[in-house]
Amino acid sequence: MNKTPAIELRHITKRFGSIVANKNVSLTVYNHEILSILGENGSGKTTLMNMISGIYHPDEGEILIEGKKASIHSPKDAYRYKIGMIHQHFKLVDVFSAAENIVLGIEEGKYDLKAATKVIRETCDKYGFEIDLSKKIYQMSVSEKQTVEIVKTLYRGADILILDEPTAVLTPQEIRKLFAVLRRMRDDGKAIIIITHKLGEVLEISDRVSVLRKGEYIGTIDTKDANESILTEMMVGQKISLNIERTEPKNVEKRLVLTNVSVNSVDGRAILKNVNFTAYAGEILGIAGISGSGQKELLESIAGLQQLKSGSIIYHNPATGQEEDLRDKTPLQIKNLGVRLSFVPEDRLGMGLVGSMSIIDNMMLRSYREGKSAFVHRKEPHDLADRIIEDLQVVTPDAQTPVRKLSGGNVQKVLVGREIAASPTVLMVAYPVRGLDINSSYLIYNLLTEQKENGVAVVFVGEDLDVLTELCDRILVISGGRITGIVDGRNTSKEEIGLLMTKANRHHNDEGKEGNDEEQS
Amino acid sequence: MIVSFIHRAVMQGIPLLFGSTGEILTEKSGNLNLGIPGIMYVGGISGVIGSFLYENSLPDRSAVNPFLIIAIPLFCCLLGSLIMGLIYSFLTTTLRANQNVTGLALTTFGIGFGNFFGGSLITLVDTDVPSITLSLTSQYFSKTLPFAHKLGWFGEVFLSYSFLAYFAILTAIVVSLVLKRTRVGLNLRAVGESPATADAAGISVSKNKYFATCIGSMIAGLGGLYYVMDYASGVWSNDAFGDRGWLAIALVIFTVWQPNIGILGSILFGGLYIVHNYMNNIIAMNMSTQELIKMAPYVVTVIVLIVISMRKKRETQPPASLGLAYFREDR
Amino acid sequence: MKNKADKPMHEQLVQISKRAALPAWQSWLIRILAVLASLVVCAVIIVLFTGDNPFAIYATMFKGAVGTSRRIWSLLQGVAMLLCVSLAVTPAFKMRFWNIGAEGQVLMGGLATASCMILFGNSMPPALLLLLVIAASIVAGAVWAVIPAIFKAIWNTNETLFTLMMNYIAMQIVSYFTYIWSVPKGSGKIGVINAATRAGWLPTIGKYNYLLNILIVAALTIGIYIYLRYSKHGYEIAVVGESENTAKYIGINVKKVIIRTMILSGALCGVAGLLLVAGTDHTITRDTAGGRGFTAIMVSWLAKFNPLYMVVTSFLLVFMQKGATEISTVFGLNDSFSDIITGIIIFFIIGSEFFINYTLKFRSRKGAEAA
């Protein structure tokens, strides 16, 4: 097999406003190879690939395809260069059959679904896709939908395939099948790029690995020379000291005890599997994990927004000393039990705040029910809004400004400020410093520490391991809906957490490997 | 009697069939055009205006040109409905106005337009005819197949209609096939179901919405023309068209967005509209009960609407983006 | 996507992007310009049909709307009734529930009023009958509105189509009863109910027939304004309308809010039916609602769901309608002319919203290709 460069990136830089998403990235992908792009959340992997598939255009640098400079301005252009990207969020029409989705948007030739189906079937047979082309998308599993997306790009003649986190939503068996197909495509001469942050998969499937960290290109190594600790080190880098002030927990007592909590998604996939942990008053419990490992569902379960399949969530009320099971209770019922729970969700404007309402009216969301009057009182919310604007340095013309018009960081401050103002006993925050500048981030860290000192049980879902290891007293690591470890924040390393973050899936991938060998023999 | 009942039911059903076929095509692109009743009025009155001017320009009735007397009203009707479709498309697709509000405004405008010209045409063109009676045009529009009456009941049930009636059925079948079997239909349905997906696949969302809405309006407009020229024998009277436009929208739901089912559905609705005239002979029925029977199409439609929402079967749901404007940056 | 500029579409010469915000005075300026533009277009059309000069025509319209004190009263009554229905649909719209069934809800309220007047007109003390009439109309309107709301809340049944169909079911029910109770029998017309006894009629204030209606609607306007802006219910409606997820997050029972709000919406429609039947018409036909249920949707939308602005929008529409009717009479044209005018004004105002929410950037063809 002779390997020729299929695509070359030279000195690519991409900025969004003041944030540099990719900085001077250069890498080459050859035909007949699978290249993994490895990096943590927010390391710029997806942005880089979006530039190849025509969704973004680089600010600096150039892209060469088969040695010639290419100009890719739209997904359509990308197809012309035979580049196909399979996004994490599938772009399929639910009520159409697989075949209809695959031919959608193709303009050449006569429209003949039967003839097209035949051609598609040949492609499928060639690479070993198992798919019922007449099946409707809404009847399909996630894995089948992904197959449709891959076949769609192949049917359109793609020679360079980019897969963004393709295994995130698959079962181990499905991953095994996907990898078999990818190998067959590689052997057929295609260039394949997989974006991932799972080390096990990287080692299993790819020929070479390129690592990105915080938008920068770190390096590329051959997979045969790599192992998990080398890759982890490349991925997380050296420990950077942040000097976050961490006080010793005082008056620690049980606040929230989760036992055997399992949650299924609407379509029946297991999202949380037998989760057990205790959150104590007076400490910050960090939750680390690759995004989409079940963090969102975990917090929502506690907040009364998820239906539990099994398990219990026991709240120890400090005021009454009683224990309350929060399972199967609505947020209002939980509140009426006297549970003072505050929750800063990940999607701030989708849940937590109302974009078109003023800061004042958003302050009222938590408190408007108070009092017997049929009318709302805006006096206290107004004062609260003014106080938060001042204390957290929210940049806004006034308290009457709709939240939607504020910048992301200021929106976050408004939400965090409101949730803390409710004087909670449990405070759950998801990615509270996303989009915030350094100073604002420290403001939030200090607020969380202050809450901890006041005896609040703080649950902090984060993505930056440097922050997690410096801020949190204990860190719970979640992977694929399972808890893979709870470590002491003071005595752990980024590497240890990084390995735990990928643990559950690694186990399954090993299984996958064996299965594959059988298939090939 | 059954034969004449079916005959009348079909005559009643044809305007509904035109209206619902046009609306289905429109809704498949994601546009909920509540302006259909207005568009049907405009289609009718535009044809009337064209035909009225032509008939009045004739020195006498024998000077009529058989081609022109069909073509002029037809052309005017299509043009009038097309303009209505363009207004709707421009406001909702280009300017992203709310579809419900635009549609209702279009209906107010269209019905007003119809009644205004219906009531003022004579004054405006300053002639001395007593009322708008286009018997000459109607003669041509209501010509049935020549051998229909020789074939007894078979002839009356199947062959005794004018060319527009057959055209309505043909349109329903063609639209049905286009939606199911062609690339145009596939693209259109993709736009109505998931405009973001269609956009990503390189299909122009705006073009498809304009196309479907304008063609749909023209089809619906023909329903108005058929009603005046054939069913009402060329006599325009204000508000006579009544709530048939809304009935056409009901039919869209009743047929779960399938024009071919609409062929039978329209005859059923048409039959329910007039059944009281016939049941009178069987069981004595007073005027009040007739009104209750006229309610049946709407009740049936509500039941269909409830059943499809309870069963949640994906194929029978309204197009997923129905009623929503699409803006690429909203993704 | 934050960087639209990175995806130049070669064929696209005009770039559309969402505006951050426009100062209030600018957005109102755009709306006022739209109204003026629509008036100019209307004038052109009127001139085409009548051949008179446009200023004379607007003078005629003005005279038609407010020329005599009778006309002023009639104008105010028209505004009041349209406003009443508009107020009724507004809470539902704020919740993003497309209640286009106001026509039917008004009719059911009116029918309940009429039936109480007919059935108990001679057998009940007037004061009691009046109370019954009021209660019945409110309940009837509410029931007619809550049926689609229940299905929406439980099965997510499409409310736009459901409420639309309910209009025609209501019309047929009214037709049914107009035949049952027609005077004389079989005429299909009920005629003035209890003309002699005035049983069940709303009282008149002095000799002003419309004054009570107008006062009631004025009170309702303020009431709904306060309800939406200052009450806990109003706040919940706004939250549910803006973001169902946030509503669930803070523990609002979304289904309950939908049903409760539609009961209110229907009840207010019932009141409109009451005012029409017991207050002014004293009879009922299938046209009693007179298309107000549909016009109200536009009034409410144009006013951005603010009851105070609705006073302005409904006044504008009714004024133009009355004026256009006058023109029709003077020039011997059909009075549907007013609907054409209404349509044109609304087209312009809803079109103008685009320019408030979006900006256009024009680019030369060259620039587009270079990008």
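Here is the naming used below: chain letters follow the sequence lines, and residue numbers restart at 1 for every chain.
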For the NZ atom on A:Lys82, are there more than 12 heavy atoms of other groups (residues, nucleotides or ligands in this structure) within a distance under 6.0 Å? no
Of all the residues in residues 178-189 of chain B, which have a heavy atom that comes within less than 4.5 Å of a heavy atom in chain A? B:Arg181, B:Thr182, B:Arg183, B:Leu186, B:Asn187, B:Arg189
Option in A:Ile106, A:Asn101, A:Val103, A:Leu113 with maximal non-hydrogen atom pairs under 4.5 Å from chain B: A:Ile106
Residues, nucleotides or ligands: over 12 heavy atoms within 6.0 Å of A:Tyr155 OH: yes
Most contacts with chain B, counted as non-hydrogen pairs under 4.5 angstrom, among A:Phe96, A:Tyr111, A:Tyr79: A:Tyr111
Kindly give the heavy-atom pair with the smallest separation between A:Lys91 and B:Ala200, and that separation in Å. CD-CB, 3.4 Å
What option among B:Ala320, B:Ala190, B:Gly202 has the most heavy-atom pairs under 4.5 Å with chain A? B:Ala190
Chain B contact residues among residues 133-140 of chain A, heavy-atom distance under 4.5 Å: A:Lys136, A:Tyr138
